[in-house]
Amino acid sequence: MAVPSPKLRLSGLARKLVADGFISEQEAHQAFDEALRDKVPFVSYIVSKKLVGSADVAHAAAQEFGFPLLDIAAMELDPEVTKLVEEKLITRHHALPLFLRGNRLYIGISDPTNVQAIDEIKFHVGKTTEPILVEEDKLARAIDSAIEAADTTLDDLTSGDDLDDLEDLELGNDEPKDEDVGIEVDDAPVVKFVNKILLDAIKKGASDIHFEPYEKYYRVRFRVDGVLKEMAKPPLSLAGKIAARIKVMSRLDVSERRVPQDGRIKLKLSRTKAIDFRVSTCPTLYGEKTVMRILDSASASLGIDQLGYEDDQKELFISNLNKPYGMFLVTGPTGSGKTVSLYTGVNMLNTADRNISTCEDPVEINLAGVNQVQVDERTGMTFVKALKSFLRQDPDIILVGEIRDLETGGIAVKAAQTGHMVMSTLHTNDAPQTLTRMVDMGIEPFAIATSVNLIIAQRLARRLCSNCKAVDEDIPKEGLLAEGFSEEDVDSGVSVYKAVGCDQCNDGYKGRVGLYQVMPISDEMKRLIMEGRNAIDLADQAKRDGVKDIRDSALIKVKNGITSIEEINRVTLE
C-alpha cells in the first residue's frame, strides 16, 4: 500500500470532494499517490476505481473552479475540429477539442487543475483555448471514439492479418472482373479500407453501412442498434474509387454512375460462416451514395423466445401460425424486424411434410428446406408471376415478401381462402391500419374478413446495457402517469431505468428488443371490416378485444427494466 502523502499535496478538487463527503481524506491521499504512480490523471483514477461517481466529480469541480459543465454525450463532435490537436496530446492530457468559435477553441477536460493541458494545446494550435468541464466517463468514451475514427485511414489499412480472411465470392460468370474495368478499383489501400469497413461493421453488429460523399468531405456511417453513427472520414478524393470497388464486389456496372443500381455481395469469413450484403447505389449531387444492408441468415434461427413477445402475444403467434389456412401479416416501418419475425415463423413450420415457397425482393435470409424465389422486375419475375406459379406447385405455406398492390394482394387473399397459409408484410403504423390499407388497395372487405387470421405490428427498441443501467429517480409521479403508466403501477413504486454508458455498450444500450401489437381478427372485428369502418373504429374494437397496442407493450418492457422511457418515446411516439 502506498504511504499517504502530506495533506498539502491534495489539489483543490480533492479537497472539495473530501469536504463534500464523497471521499475520505485518507482515500484521497492514497488515490492521489496511486494516480501519480500509475501516471494517470487523479480524476480518471478515482472514477475508474469507482471511488466517486463521474457526475459527482464534474459537479464538484464546476462549483469549485467556476468552469461551465457540458454533457458531451448530447453533442455531435466535428472530426475536423478534433484533428486540430494531435492524438498524442489528446491522450497524454486526457483533453478533447469540442468546437471552434472564430479563433477560440473549446477543450473538454475532466480535471480543472490540468492547466498544462490547456497551455500546451494552446501553443500547439495557435488559438485561444477555453476549458469546459466534462464528465470523466463520457470524456473517455468520446476520446476513444475520436481516436478510432481518426485511426480508420487508408494509410493504416495496408496491414492487418484479419483482413486476409475476408474474400468476396463469385456471384456470376458473365459479370465484369476487376481487370476489365477502366477505372482503378484494385488500389490495395482502397481494397483494404473497404474490407476493413465491412469487417468492422460485422464485429460491431451493424445492420447497415452508409458510404456518403458530400461537397467537402466523405464519411462512412454504421447503423448500430437502429441508430446511425459516424465511423470514418476517408479522403474525399477517394470517393469514386471506394464506390467502384463496392460495385465490382457486388457485380454492378462500374461505368454507370447516373442511375441507381442494386446488387449483392457474399463475404466468406470462414469455412462455415458467410455474411450477405445487399448493396444499393444512388447518384447524389456530389457522387454516388452506397448503402449496404447486412443480412445474416443466423437471425432466422433466433427462436421466438428471443424476439421479445409477451407470453400472451407468443401464444397468439404460435396458435395462428399453426392454422391450416388464412393470412398471417406483419407490419411496421423499414428496419423494424418484420422479416425476422416472418422467418422465425417459417423456421417453426419448416418440416419435411410441408411445402413452403417464398417470393421476396430481395431474398434476405437463406433457409434450407424452403423454396425461395428472387423477384426481378427486369426479367419479368414479379410477385404476381411467382404467386401464380406457386399455386400450381402444390403449396402448403406461401410467403410473399410484401403486398404492394391490388393484384398481388388479390392473389394472396384468394390463396388464403383456398386452403393455404399465406404470410406477408405491409408498411403501416399499426395493426388496425393494415386492414384499412388493404381496403384502400381495392381488396374487397369481405375477402379481407374471411382470410386474415392475425396481424402483428412491430417496432425495435434498444435494450439497456445490463452492466451499467441505473434506476432513473428524476421522473416524478406525474411524469410516469403522463407516459402512460397506471395509478396502480406508480403507487406500487414501479422502477424505471435509464441509459448510463460503459465500455461494454453503445451509449448505455446493447442489442434490441421487439415491441409488438398482436391482433387476432375476432368475429366482431370481421363485422366492422365488412361494414367498411375506419381504422379508429377498428382500433377501439381491438382494445375491447384486449389487444395491447405497441405503446402498452413498450411500457411493459420499461417496467421490466429492458429499455428506457427515452427509448420507447423515440420509437413509438408519432
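Side-chain atoms are counted along with the backbone in the values below, which use heavy atoms only and exclude waters and symmetry mates.
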Taking only residues two or more places apart in sequence or in another chain, which ones pass side chain to side chain donor-acceptor pair (under 3.5 Å) with [X]?
X	answer
Arg463	none
Glu531	Arg527, Arg533
Arg354	Thr351

Which pairs, with at least one residue in residues 558-568 and sequence neighbours excluded, count as a side chain to side chain donor-acceptor pair (under 3.5 Å)? Arg462-Glu567, Asp489-Lys559, Tyr509-Ser564, Glu567-Arg570
Can you name the residues that form a salt bridge (charged side-chain N to carboxylate O under 4.0 Å, His left out) with [X], not counting sequence neighbours?
X	value
Asp71	Lys138
Asp208	Arg293
Asp56	none

By side chain to side chain contact (heavy atoms under 4.5 Å, CB included) - contacts of [X] (at least two apart):
X	result
Asp523	Lys526
Leu100	Val81, Leu84, Leu105, Lys127
Ala58	Leu69, Glu135
Glu360	Tyr343, Thr358, Val363, Gln372, Leu399

Which salt bridge (Lys or Arg N to Asp or Glu O under 4.0 Å) pairs, counting each pair once, include a residue from residues 504-522, with sequence neighbours left out?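 Listed by first then second residue: Lys229-Asp507.
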